[in-house]
2 protein chains.
Amino acid sequence: MPTTSPNKLKPRKTPTQSRSRVTVDAIFEATIQVLLKQGMAGLTTSSVAERAGVSVGTMYQYFPNKQALVYALNERFLTRLAENVEDTCALAAGRPASVAAEALIDTYWSVKTERMELTHALYRSVAELDNEALVHDFAARVDRATRGMFRESPDLHAEDVDRINLSLTTVIYGTVRNAFERGLDQENISALKSELKAMCRAYLASAAK
Amino acid sequence: MPTTSPNKLKPRKTPTQSRSRVTVDAIFEATIQVLLKQGMAGLTTSSVAERAGVSVGTMYQYFPNKQALVYALNERFLTRLAENVEDTCALAAGRPASVAAEALIDTYWSVKTERMELTHALYRSVAELDNEALVHDFAARVDRATRGMFRESPDLHAEDVDRINLSLTTVIYGTVRNAFERGLDQENISALKSELKAMCRAYLASAAK
DNA sequence: CCAAAACCTGATGTTTTATTCATATATCTA
DNA sequence: TAGATATATGAATAAAACATCAGGTTTTGG
C-alpha cells in the first residue's frame with residue numbers, strides 16, 4: 001500500500017508546458033527561502049507568491065492550499081533521500097558491515113550537504129526564529145559542562161578532549177532525539193540505549209588508546 | 001553575559017498569589033497539549049485559553065504575546081536539561097571517559113523520557129501533523145533497504161542483523177541531523193564525519209565479533 | 001493563422017486571529 | 001471590615017491571511 005497524498009494535499013494539476021514548470025519550481029524555491037528567512041509563521045500565501053514572482057492565483061492553480069506546498073516540498077526531499085539510500089544499499093550489499101555503514105554515512109551526509117538550506121528549512125523546531133538565541137546559549141552552557149568533565153578524565157589526552165567531546169555529544173544528542181522521534185516500543189528503545197553506550201565505549205577504547 | 005529574554009518575549013508579570021500560579025501552570029500545560037494535538041498551526045490564543053480553562057485576557061496578563069508562551073516553555077525545558085547535565089558532569093568529572101559518557105547518556109535519556117510529550121511538542125518539523133504518514137513511509141522504505149544490506153554482510157550473524165541495523169541507523173541519522181543543526185564550521189563538521197565512521201567501525205568490531 | 005487549451009492576474013469576500021480594555025471578582029493587609 | 005492590590009473576564013477592534021473567480025495573456029496543435 002504505497003502512500004498517496006491525502007486528497008486535501010494532492011497537487012491540483014501538474015504542469016504540462018515548460019512555462020508552468022518554471023513557475024512551479026520558482027514556487028518551491030520561494031517556499032524554501034521564506035521558510036528560511038521567516039520560519040513557518042511567516043510562510044503566507046502572499047509572501048511565497050511575491051518571492052516567486054507570481055500571483056497568488058497561480059499558486060492555487062497547482063496547490064489546493066498552503067499546507068500542500070510544504071507537503072510537496074517534504075515529499076520531494078524524502079523521496080530523493082530514499083532513492084539515494086536504496087541505491088547505496090544495493091551497491092554495498094555483500095560488503096563487510098563496516099563498509100556498508102560508511103557508505104550509508106556518506107550518502108546521508110551528502111544529501112544533507114547538497115541541500116543544507118532545505119534541510120534547515122524543513123526541520124526547525126516549532127519554536128522557530130525567536131528561540132535561536134535560547135538554544136544557542138543552552139548549547140554553549142552544556143558544552144562547557146561536558147568539556148570540563150572530559151578534560152578531567154584520567155584516560156584522555158589533553159589534545160584529544162575537544163575532538164572527543166564534540167563527537168560524543170553530537171552522537172549522543174542526535175541519537176537520543178532520533179530514538180524518541182521514531183516512535184519505537186519500549187523494548188526497542190531501551191535496547192537502543194545500551195547499544196549506544198556500547199558504541200561510545202568501543203569508540204573511546206579505539207580513539208583514546 | 002547570561003541571556004535575558006528579548007523584551008518582546010519577557011513575561012509580563014510574575015504571579016504572586018497562589019491562585020495565579022495555578023493559572024500560569026494551567027496555561028503552560030494547555031500549550032503543550034494543544035501543540036501535541038494540533039501542532040503549531042492550531043496553537044491560537046483562544047485554543048490555549050479554552051483548554052486551560054481561563055479567558056484570553058488572563059493569558060495576556062502574563063505573556064505579552066503568543067510567541068512569548070512558546071518561548072517560556074522552551075526556556076523552562078532547556079534550563080532544566082542544562083542543570084541536569086551540569087550536575088551529571090560535576091559528578092562524573094575525574095572518572096574514566098567511558099563512564100562519563102554513559103552518565104551523560106543516562107541523563108539525556110531520562111529527561112527525554114520524563115517529559116516525552118513536551119519533547120515531542122517542542123521539536124516537531126515545520127511540516128507538522130499532515131506529514132506524519134509521509135515520514136513514516138519514508139522511514140519504512142529506508143529501513144527495508146538498510147536491513148537488506150546488512151543481512152548480506154558476510155561478517156554479521158543473522159541473529160544480530162536487526163539489532164545492529166536499528167542501532168546503526170538511529171545513530172547515523174540522529175548524528176548527521178544534529179551535526180548540521182549545530183551550525184559548525186566546515187572543518188569541525190567534516191572532522192565529525194570521520195569520527196562517526198570510526199565510531200561505527202569500533203562498534204561493529206566489538207559487537208559482531 | 002486560428003481556435004482551444006493552458007496559464008496567469010490581483011482585487012475582493014470571507015474567515016480567522018491577536019490583542020486590548022473597561023468592568024467585575026477575589027485576595028490580601030492593616 | 002475596608003481599602004488597596006491582584007487577578008479574571010470576554011465582547012469589541014483591527015489587522016492579516018486564505019482562497020476564489022472573472023477576465024486577461026500566452027502557448028499549442030492542426
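It should be emphasised that the depicted structure is a prediction, and the values quoted were computed from it without experimental measurement. Every chain is numbered from 1 and lettered A, B, ... according to where its sequence line falls, protein lines coming before strand lines.
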Verify the contact: side-chain N or O of A:Arg12 to OP1 or OP2 of D:dT20, cut-off strictly under 4.0 Å; return yes or no.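 Checking D:dT20 against A:Arg12, a side-chain N or O does come within under 4.0 Å of OP1 or OP2.
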
Just N and O in the side chain of A:Ser20: are any of them under 4.0 Å from OP1 or OP2 of C:dA6?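 No, no such contact exists.
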
Kindly write out the residues that satisfy salt bridge (charged side-chain N to carboxylate O under 4.0 Å, His left out) with [X], not counting sequence neighbours, or none if the list is empty.
X        : answer
B:Glu132 : B:Arg124
A:Glu114 : A:Arg80
A:Arg21  : none
A:Arg147 : A:Asp143, A:Asp162

Separation of atom [atom1] in [X] from atom [atom2] in [N], rounded to whole Å:
X       : N      : atom1 : atom2 : value
B:Gln38 : C:dT16 : CD    : P     : 14 Å
A:Met40 : D:dC18 : CE    : C1'   : 13 Å
B:Lys66 : C:dT16 : NZ    : P     : 15 Å
A:Gln61 : D:dG24 : CD    : C1'   : 13 Å
A:Leu69 : D:dA17 : CG    : C1'   : 15 Å

For A:Phe63 together with A:Phe28, are the ring centres under 6.0 Å from each other?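 Yes, ring centres under 6.0 Å apart.
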
Between B:Glu29 and B:Arg115 (salt bridge meaning N to carboxylate O under 4.0 Å), is one present in this structure?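 A salt bridge links B:Glu29 with B:Arg115.
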
List the atom pairs, donor and acceptor, that lie under 3.5 Å between side-chain atoms in residues 194-201 of chain B and the rest of the protein, sequence neighbours left out.
residue	atom	partner	partner atom	Å
B:Ser194	OG	B:Ala191	O	3.0
B:Glu195	OE1	A:Arg163	NE	3.3
B:Glu195	OE1	A:Tyr203	OH	2.2
B:Glu195	OE2	A:Arg163	NE	3.1
B:Lys197	NZ	A:Asp106	OD1	2.9
B:Lys197	NZ	A:Asp106	OD2	3.3
B:Arg201	NH1	A:Glu102	OE2	2.5

Check ring pair (Phe, Tyr, Trp, His ring centres under 6.0 Å) between [X] and all other residues, then give those that pass, not counting sequence neighbours.
X        : answer
B:Phe138 : none
B:Phe150 : none
A:Tyr62  : none

Listed in order of residue number, which residues of residues 47-60 of chain A have a non-hydrogen atom at under 4.0 Å from DNA chain C?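 A:Val54, A:Ser55, A:Gly57, A:Thr58, in order of number.
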
Members of residues 21-30 of chain B that approach DNA chain C, where some heavy atom sits under 4.0 Å away: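 Residues of residues 21-30 of chain B under 4.0 Å from DNA chain C: none.
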
Using a 4.0 Å heavy-atom cut-off, does A:Tyr62 contact any base of the nucleic acid, only the sugar-phosphate backbone, or nothing at all?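 Result for A:Tyr62 = sugar-phosphate.
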
Contact class for B:Thr45 vs. all strands (heavy atom < 4.0 Å): base, sugar-phosphate, or nothing?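 Touches a base.
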
Nearest to the side chain of B:Thr44, which nucleotide is it out of C:dC7, C:dA18, D:dC18?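 Minimum distance to the B:Thr44 side chain belongs to C:dA18.
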
Please list, one pair per line, the donor and acceptor atoms closer than 3.5 Å that link side chains of residues 48-61 of chain B to other protein atoms, with sequence neighbours excluded.
residue	atom	partner	partner atom	Å
B:Ser55	OG	B:Thr58	OG1	3.3

For nucleotides 22-30 of chain C, 5' to 3', base contacts (B), sugar-phosphate-only contacts (S) and non-contacts (-) with protein non-hydrogen atoms under 4.0 Å give ----SS---

